[in-house]
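To keep things clear, I will list the structure first and then write my remarks on it.
The first residue in the sequence is number 1, and the count goes up from there.
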Amino acid sequence: MRLTILGGGGFRVPLVYGALLGDRAEGRVSQVTLYDEDPARLTAMARVLRDQAAAASAADPTVDAPTVTVTGELDEALRGADFVFSAIRVGGLEGRAADERIALAEGVLGQETVGAGGIAYGLRTVPVAREIARRIARHAPEAWVINFTNPAGLVTEAMAEVLGRRVIGICDSPVGLGRRIARVLGARPQDAWIDYVGLNHLGWVRGLRVGGRDELPRLLADTEALESFEEGRLFGAEWLRSLGAIPNEYLHYYYFNRDTVRAYQEAEQTRGAFLRDQQRGFYAEAARAGAPAGAALAAWDRTRAEREATYMAENREAAGAPEREESDLESGGYEKVALALMRAIARDERATLILNVPNGSTLSVLDAEAVIEVPCLVDANGAHPVGVAPLPLHAVGLVTAVKAVEREILAAAASGSRTDAVKAFALHPLIDSVGVARRLLDGYAEAHPGLAHLR
């Protein structure tokens, strides 16, 4: 099979390639095409993947590494693809840093998928995602698209306008959360059924069944166990018991918004600025001519370790939580979800995965085309959402409000209307004034050339 990765110079590409190196089954991915508009990033990433393949072969000579080709031509990258993995970043990390800075200056959150930053990122990304979807429909109409481009639920919904159910969104947050809960309860993650429901970066684990028995009430009753893993330390046992559920870590931005905004304002630099500066150093080192074999992979490993250790550092500071523990840093996120999804579709190996898919009739408070994040049964015909219990009212309020914002982003990206764009900002639960919404849009339109028409 042939896999095309859009955003092929992106930092997390080696996670996907590493997962492919461990796949020995018949019908595995044999060719990987990296597409990126930045030749230097492509060169650096090709070196990292070459080092990965060499290290895997040295450890096990029977490893059959997928061949890697690189291109800056989108149509060329798409032709003949069986799967297309989308992980682009419109505006780069410089754009993310600007999104954060402009929002914090107005006293609101600028995180890349939540609040003002997520809206600005969505306005930039949706037009590009729609054009990519049209190009896929033209040049690879039989391909399955796995979307990891953020905001993942919004972008998946935009691409589904063209590709229908052949585009499926993935995220590693629910997987990591379910794994941590299962292990605290003494269960193997693969043996647990996770009752998870919501939107991307806005969901809750409401139950975790092992052998048909819901073990979550046992966890909620145990303060020490609750506060032994990342989400428990972020939210605190008392709040989790009041919810009767374990929220996705991104809900910390909603439940503790004022604390988080203050922590971000007091930080030396925003997350986007940190990653921008960190990755500049990595790409320069990885692309350096004459470097010894293995140097690019070693640089990537060091950079990734620092990146993971500092993830959501400001939220932990706001919560008074300690540094991330070893179990929180463990790999096994979206790359394994992506591989499991490809296997299930290509080989009809049925799997249960938490994915971003059109709602259908799963959640009655949303329409059929709204992309939600829920457990799905996956087979050769794609992903099929599993029926879930209705959301409690507090969750209904957040889910419907944020989905309304996403719909205004989709409308503004299509119409180019300032009115629609202001409405997207003003309706978000974390933006408390229409006046702030207008100033935010003006700031983003000035910072990003692609949004200049919205001023």
Side-chain angles (χ1 to χ4, degrees), residues 1-10 12-13 15-17 19-20 23 25-37 42 45 49 66-90 125-150 152-171 334-351 353 355-358 369 371 376-385:
M1 292 193 302
R2 177 178 166 185
L3 169 65
T4 292
I5 301 179
L6 308 181
R12 298 226 266 183
V13 167
L15 293 173
V16 178
Y17 191 68
L20 297 177
D23 187 12
E26 190 69 27
R28 65 189 182 280
V29 171
S30 58
Q31 182 178 349
V32 175
T33 299
L34 306 181
Y35 162 79
D36 204 291
E37 294 180 341
L42 275 178
M45 200 46 59
L49 302 196
T67 60
V68 177
T69 59
V70 301
T71 181
E73 297 294 329
L74 178 57
D75 293 349
E76 176 186 335
L78 294 175
R79 290 189 187 98
D82 297 292
F83 288 91
V84 177
F85 187 89
S86 178
I88 64 173
R89 180 176 289 280
V90 179
T125 305
V126 164
V128 177
R130 282 172 167 154
E131 175 57 23
I132 288 173
R134 288 189 285 268
R135 302 275 278 277
I136 292 170
R138 189 179 311 135
H139 298 291
E142 299 303 313
W144 289 90
V145 180
I146 301 172
N147 177 60
F148 190 69
T149 296
N150 275 325
L154 170 67
V155 172
T156 300
E157 190 164 329
M159 298 184 81
E161 295 168 357
V162 179
L163 299 171
R165 294 180 181 269
R166 294 193 79 85
V167 57
I168 299 167
I170 65 171
C171 181
Y334 83 98
E335 73 279 5
K336 291 190 176 181
V337 179
L339 183 59
L341 179 57
M342 287 191 288
R343 281 175 170 168
I345 293 174
R347 306 170 195 165
D348 202 16
E349 293 180 3
R350 299 191 177 190
L353 302 168
L355 300 168
N356 287 268
V357 295
E369 302 310 315
V371 166
C376 296
L377 300 178
V378 187
D379 57 24
N381 296 312
H384 316 282

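From R347, atom CZ reaches atom CE of M1 across 5.5 Å, with rounding to the nearest 0.5 Å. Atoms CG and CZ, from N150 and R89 in turn, are 7.0 Å apart once rounded to the nearest 0.5 Å.
For A351, the side chain to side chain contact (heavy atoms under 4.5 Å, CB included) criterion is met by A344, L353, not counting sequence neighbours. Annotation: side-chain hydrogen bond (donor to acceptor under 3.5 Å, both in side chains) contacts of T33 (sequence neighbours excluded): R2, T69. Listed by chain and residue number, F83, W144, I168, L341, V378 satisfy the side chain to side chain contact (heavy atoms under 4.5 Å, CB included) test with I345 (two or more places apart in sequence, or in another chain). Remark: A143 engages V84, A140 in a side chain to side chain contact (heavy atoms under 4.5 Å, CB included) (not counting sequence neighbours). Annotation: salt bridge (Lys or Arg N to Asp or Glu O under 4.0 Å) contacts of R166 (sequence neighbours excluded): none. The side chain to side chain contact (heavy atoms under 4.5 Å, CB included) check on A19 picks up E335, L339, with sequence neighbours excluded. Partners of F148 by ring pair (Phe, Tyr, Trp, His ring centres under 6.0 Å), not counting sequence neighbours, listed by chain and number: Y334. N356 is linked by a side-chain hydrogen bond (donor to acceptor under 3.5 Å, both in side chains) to E373, counting only residues two or more places apart in sequence or in another chain. For E161, the side-chain hydrogen bond (donor to acceptor under 3.5 Å, both in side chains) criterion is met by R130, not counting sequence neighbours.
Between I5 and Y17 the shortest side-chain heavy-atom distance does not fall below 4.5 Å. Put simply, the side chain of M342 does not reach to within 4.5 Å of the side chain of R28, judged on heavy atoms. Side-chain atoms of L355 and V337, non-hydrogen and from C-beta on, do get closer than 4.5 Å to each other. In this structure the side chain of V16 reaches within 4.5 angstrom of the side chain of L3, judged on heavy atoms. Between D36 and L34, every side-chain heavy-atom pair lies at or beyond the 4.5 Å cut-off. C376 places a side-chain heavy atom less than 4.5 Å from the side chain of P385. Annotation: side chain of F85 is in contact with side chain of I170 (closest heavy-atom distance under 4.5 Å).
Nearest heavy-atom pair across A158 and V126 is CB-CG1, 4.0 Å. Residues A152 and N147 come closest through the heavy atom pair O-ND2, 3.3 Å. The heavy-atom pair separating M45 from G8 by the smallest distance is CG-O, 3.4 Å. Nearest heavy-atom pair, T125 versus V155, reported as atom, atom and distance to 0.1 Å: CG2-CG2, 3.9 Å. Closest heavy-atom contact between L20 and P66: CB-CG, 4.1 Å. Of all heavy-atom pairs spanning A137 and V162, the tightest one is CB-CG1, 4.1 Å.
Pairs engaging residues 132-149 under the salt bridge (Lys or Arg N to Asp or Glu O under 4.0 Å) rule: D75-R135, E131-R134, E131-R135 [sequence neighbours left out]. The side chain to side chain donor-acceptor pair (under 3.5 Å) pairs that include a residue from residues 376-385 are D379-H384, where partners are two or more places apart or lie in different chains. Residue pairs meeting the salt bridge (Lys or Arg N to Asp or Glu O under 4.0 Å) criterion with at least one partner in residues 337-346, sequence neighbours excluded, are D23-R343.
In this structure a side-chain-to-backbone donor-acceptor pair under 3.5 Å is present from T4 to A77. Proximity of a side-chain donor or acceptor of S86 to a complementary backbone N or O of T149 within less than 3.5 Å is not detected.
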Stepwise, does the side chain to side chain contact (heavy atoms under 4.5 Å, CB included) test hold for L74 with L6? CA-CA 8 Å; L74 178 57; L6 308 181; 3.8 Å; yes
